[in-house]
Amino acid sequence: MSASLPNPIRPAFNEPLDPAHVIVNIGPSHPATHGTIQIVAEIDAEKVVRTDVHCGYLHRGFEKECESHTWHTLIPYVDRLNYCSALINNFAYCEAVETLMGIEITPRCRYLRTLLSEYSRVADHLTCVAASLMELGAMTAFLYLVTIRDYIYEHLADLTGARVTYSYGRIGGLANDLPEGWLKRLEEIFGEYEEFVGRVHGLIDRNRIFIDRTRDVGVISTADAINWGYTGPILRSTGVPRDLRKDTPYLAYGELDFEVPVGIKGDNYDRYFVRMREMDESMHMIRQLVDMLPPGPVTVDDRRCTLPPKRLVYDEIESLINHFKLIMDGPQVPAGDAYVAHESANGELGFYVVSDGTGRPWKVHVRAPSFVHMGGAHLMLDGGQLADIIPTFGSINMIGGECDR
Amino acid sequence: MSAPIQATIREQLGGEDVDVSVSHGMTVLDLPPARLLATVRRLKEELGFDLFLDVTAVDWPQREPRFDVVYHFYSTAQRVRVRVRTRVTEAEPAVDTLTGLYGSARYMERECHEMYGIDFRGNFDLRPILLYEGFVGHPLRKDYPKRREQWLIPERKPEPAS
């Protein structure tokens with residue numbers, strides 16, 4: 001072994017501005033940062049003077065890998081971007097390909113995707129709020145929130161067969177329809193959600209310790225947030241109701257009644273509260289969607305992307321060829337490019353797909369909200385306390401899989 | 001909702017070297033690299049495209065010029081997106097940086113630089129971000145083999161079978 005390993009990063013600064021300052025390195029594998037991220041910080045006693053945020057430790061070549069798969073077989077990779085709300089990734093990607101192919105999904109699929117997107121958003125926000133509360137020492141609140149998240153995960157496992165990475169979206173539809181009794185269990189979860197989240201509201205909302213640790217910590221202004229590309233709950237916490245579900249309605253959001261909660265000044269407390277309120281709105285939307293859910297197929301009957309029924313594959317040669325071609329060559333997507341964005345739990349999740357007219361993508365690019373948010377993270381960290389780096393970072397909700405791709 | 005702004009863009013920004021088209025409902029501006037900075041400045045300051053969403057490149061090895069550099073912008077007031085696309089050659093893959101207009105361009109240009117080798121003139125912080133110091137090549141270019149590995153630590157050779 002050689003004596004010294006090369007440093008994988010080159011920090012923006014090596015010398016402190018003042019001889020009394022110290023440069024410390026936090027991460028990339030720090031037990032308190034849930035995610036592999038490295039923050040090089042210059043500190044003056046307990047005060048953070050400047051920071052340099054490095055990501056990339058979870059980079060696994062997602063975009064490169066996609067180019068050697070068919071449009072269908074890369075869906076499991078898409079799951080692993082934001083693994084807290086994998087279904088939203090699935091549906092955004094599928095819609096991008098459907099846009100290129102000019103496919104209109106069935107009404108039942110449209111409502112189901114909306115329902116499951118909101119359900120995933122609840123799970124994602126639960127994870128984020130639970131983790132950031134635990135970082136401040138609120139173990140009870142963490143356990144309450146993770147309990148309900150686990151109910152949701154198990155419930156989604158009944159539907160998709162997996163707890164976290166579902167691979168449930170299909171180009172032109174969904175893998176399968178709801179199993180029997182799924183909506184009945186959903187009704188029970190509404191009640192359990194209210195009970196557990198209600199307890200957290202009671203424990204945290206007006207908790208003096210929590211307010212002291214989060215009010216006026218990690219503040220970002222609306223102008224800064226927009227300049228640095230922030231979207232989603234962080235932008236809304238600064239007080240502007242910008243939400244793609246309202247602004248550019250997709251799926252079935254145009255027919256739903258919901259509010260866009262906003263914060264007052266964009267600090268950690270506002271981000272906590274915006275997420276808590278958004279979960280309530282999501283549950284409100286899911287209740288409406290259960291009533292609106294129309295009968296019918298969940299997958300379009302389009303031989304360019306949907307596998308023929310198994311019985312026909314065995315019975316007639318055309319369907320057998322169709323099945324074979326779809327598996328081996330992939331769906332033939334017309335040449336062109338499309339950008340489709342969904343409001344994911346973290347912000348605008350965009351898929352920019354380029355096709356050269358074959359069954360494999362020429363390029364799949366992800367506009368990952370976490371990555372963009374990391375670019376402006378120093379705005380929230382600089383000038384704060386060293387001990388606030390972890391909670392502020394938690395409230396940004398950086399998801400390594402999505403940030404580093 | 002997006003139709004009036006599309007007409008405005010066509011009217012204000014369309015010209016002999018700026019081609020305005022509509023693709024899957026999104027306005028697309030195709031322009032030469034020299035016009036990029038001025039056009040984006042007008043998009044931001046006059047037409048309200050205040051959110052810089054994304055920059056990436058598309059590699060077409062058989063084509064000359066080889067790279068498309070693709071930008072997406074969003075207007076939070078008009079709630080509409082626009083795509084700006086420019087072409088650069090392999091010999092001189094350079095465009096002007098947008099960091100003077102949007103803070104978020106800093107990180108995203110770094111990513112595009114390391115993945116495709118696009119040089120963003122005026123961005124002085126093009127350190128690797130998803131990759132590491134000393135990585136050779138640009139992995140998202142089509143001529144970078146998917147299986148090429150670059151180890152930071154010496155690879156441990158398996159013991160020869162006795």
Side-chain angles (χ1 to χ4, degrees), chain A residues 1-2 5-12 52-59 61 63-65 67-68 96 99-100 102 223-224 226-231 235 240 242 244 246-248 336-341 348 350 352 354 356 362-363 365-368 371-376 379 403-405, chain B residues 1-2 23-26 28 44 50-60 62 68 70 72 74-83 85 101-112 114-115 125 127-135 139-142 144-147 152-154 156:
Chain A
M1 277 293 200
S2 62
L5 292 174
N7 193 353
I9 64 150
R10 175 158 41 104
D52 183 21
V53 182
H54 290 267
C55 47
Y57 286 92
L58 224 57
H59 180 63
E63 294 179 16
K64 186 80 176 172
E65 190 66 41
E67 291 170 11
S68 51
T99 305
L100 275 180
D224 274 343
I226 289 180
N227 185 28
W228 288 86
Y230 280 87
T231 47
L235 179 58
V240 280
R242 286 283 80 89
L244 293 181
K246 268 276 196 257
D247 296 347
T248 55
D337 55 351
Y339 178 89
V340 167
E348 171 160 345
Y352 177 61
V354 182
D356 61 345
W362 188 253
K363 178 184 174 65
H365 176 72
V366 188
R367 190 263 180 207
F371 180 70
V372 183
H373 293 172
M374 280 301 103
L379 296 173
C403 177
D404 299 344
R405 283 161 283 154
Chain B
M1 187 165 62
S2 60
S23 151
H24 298 291
M26 192 187 290
V28 184
K44 185 190 178 193
D50 47 1
L51 199 64
F52 175 77
L53 289 177
D54 191 33
V55 55
T56 187
V58 188
D59 184 6
W60 303 95
Q62 310 304 327
D68 281 338
V70 187
H72 287 94
Y74 181 69
S75 162
T76 52
Q78 321 228 30
R79 297 160 192 195
V80 66
R81 291 191 189 84
V82 67
R83 178 182 307 149
R85 191 162 49 192
L101 296 171
Y102 302 95
S104 49
R106 265 181 33 177
Y107 244 48
M108 289 187 260
E109 287 181 354
R110 275 171 76 177
E111 189 206 343
C112 188
E114 68 180 354
M115 292 297 170
D125 183 16
R127 290 173 294 150
I129 183 159
L130 296 182
L131 305 175
Y132 43 81
E133 271 317 309
F135 190 94
L140 280 182
R141 285 191 178 186
K142 292 284 179 184
Y144 188 95
K146 195 181 89 179
R147 293 192 175 277
L152 271 188
I153 49 170
R156 218 181 273 173

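Note that the coordinates shown come from a computational prediction; the quantities given were computed from them, not determined experimentally. In what follows, chains carry the letters A, B, and so on, assigned in the order in which the sequence lines appear, proteins first and then strands, with residues in each chain numbered from 1.
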Please determine whether a side-chain nitrogen of the Lys or Arg among A:Glu67 and B:Lys142 lies less than 4.0 Å from a carboxylate oxygen of the Asp or Glu.
yes

Flag the pair A:Tyr339 / B:Val28 as yes when at least one side-chain heavy-atom distance between them is below 4.5 Å, and no otherwise.
no

Determine whether a donor-acceptor pair (N or O, by modelled atom type, separation under 3.5 Å) exists between the side chain of B:Lys146 and the backbone of A:Ser68.
no

Relative to chain A, which segment of B:Tyr102 carries a heavy atom at a distance below 4.5 Å: side chain, backbone, both, or neither?
both

Please answer whether the main-chain N or O of B:Arg79 pairs with a side-chain N or O of A:Asp247 as donor and acceptor at a distance below 3.5 Å.
no

When the ring planes of A:Tyr352 and B:His72 are compared, do they come out parallel, tilted or perpendicular, using 30° and 60° as the limits?
perpendicular

Structural part of A:Leu244 lying under 4.5 Å from a heavy atom of chain B:
side chain

Could you give the distance from CH2 (A:Trp362) to CG (B:Asp59), rounded to the nearest 0.5 Å?
7.0 Å

N/O donor-acceptor pair under 3.5 Å between A:Lys363 side chain and B:Ala57 backbone
yes

Name the region of A:Asp337, side chain, backbone, both or neither, that has any atom closer than 4.5 Å to a heavy atom of chain B.
both

Shortest non-hydrogen pair, A:Arg242 vs B:Thr76, comes out as NH1-O, 3.4 Å

Run the side-chain contact (heavy atoms from CB on, under 4.5 Å) test on B:Met26 and A:Thr99 for me, step by step, so that the C-alpha distance in whole Å, both residues' side-chain angles and the decisive distance to 0.1 Å come before the verdict.
CA-CA 12 Å; B:Met26 192 187 290; A:Thr99 305; over 6 Å; no

Shortest non-hydrogen contact between A:Arg367 and B:Leu53, atoms and distance:
NE-O, 2.9 Å

If only atom types and distance count, is the side chain of A:Lys64 paired as donor or acceptor with the main-chain N or O of B:Pro145 below 3.5 Å?
no

So which of A:Val340, A:Asn227, A:Val354 has the largest heavy-atom pair count under 4.5 angstrom toward chain B?
A:Asn227

Between B:Met108 and chain A, with a heavy-atom cut-off of 4.5 Å, which part of the residue counts as in contact: side chain, backbone, both or neither?
both

Under 4.5 Å from any heavy atom of chain B - which part of A:Val240
neither

Distance check, rounded to the nearest 0.5 Å: B:Leu140 atom CG versus A:Glu63 atom CD?
5.5 Å

Counting C-beta onward and ignoring hydrogens, is there a side-chain heavy-atom pair between A:Arg405 and B:Glu111 closer than 4.5 Å?
yes

Please flag which part of B:Arg147 lies under 4.5 Å from any non-hydrogen atom of chain A: side chain, backbone, both or neither.
neither

Which atoms of B:Tyr144 come close to chain A, meaning under 4.5 Å heavy atom to heavy atom: side chain ones, backbone ones, both, or neither?
both

Would a 4.5 Å heavy-atom cut-off, applied to side chains only, mark A:Phe371 and B:Ile129 as touching?
yes

Hey, could you give me the CG/CD distance between A:Asp356 and B:Gln62, rounded to the nearest 0.5 Å?
11.5 Å

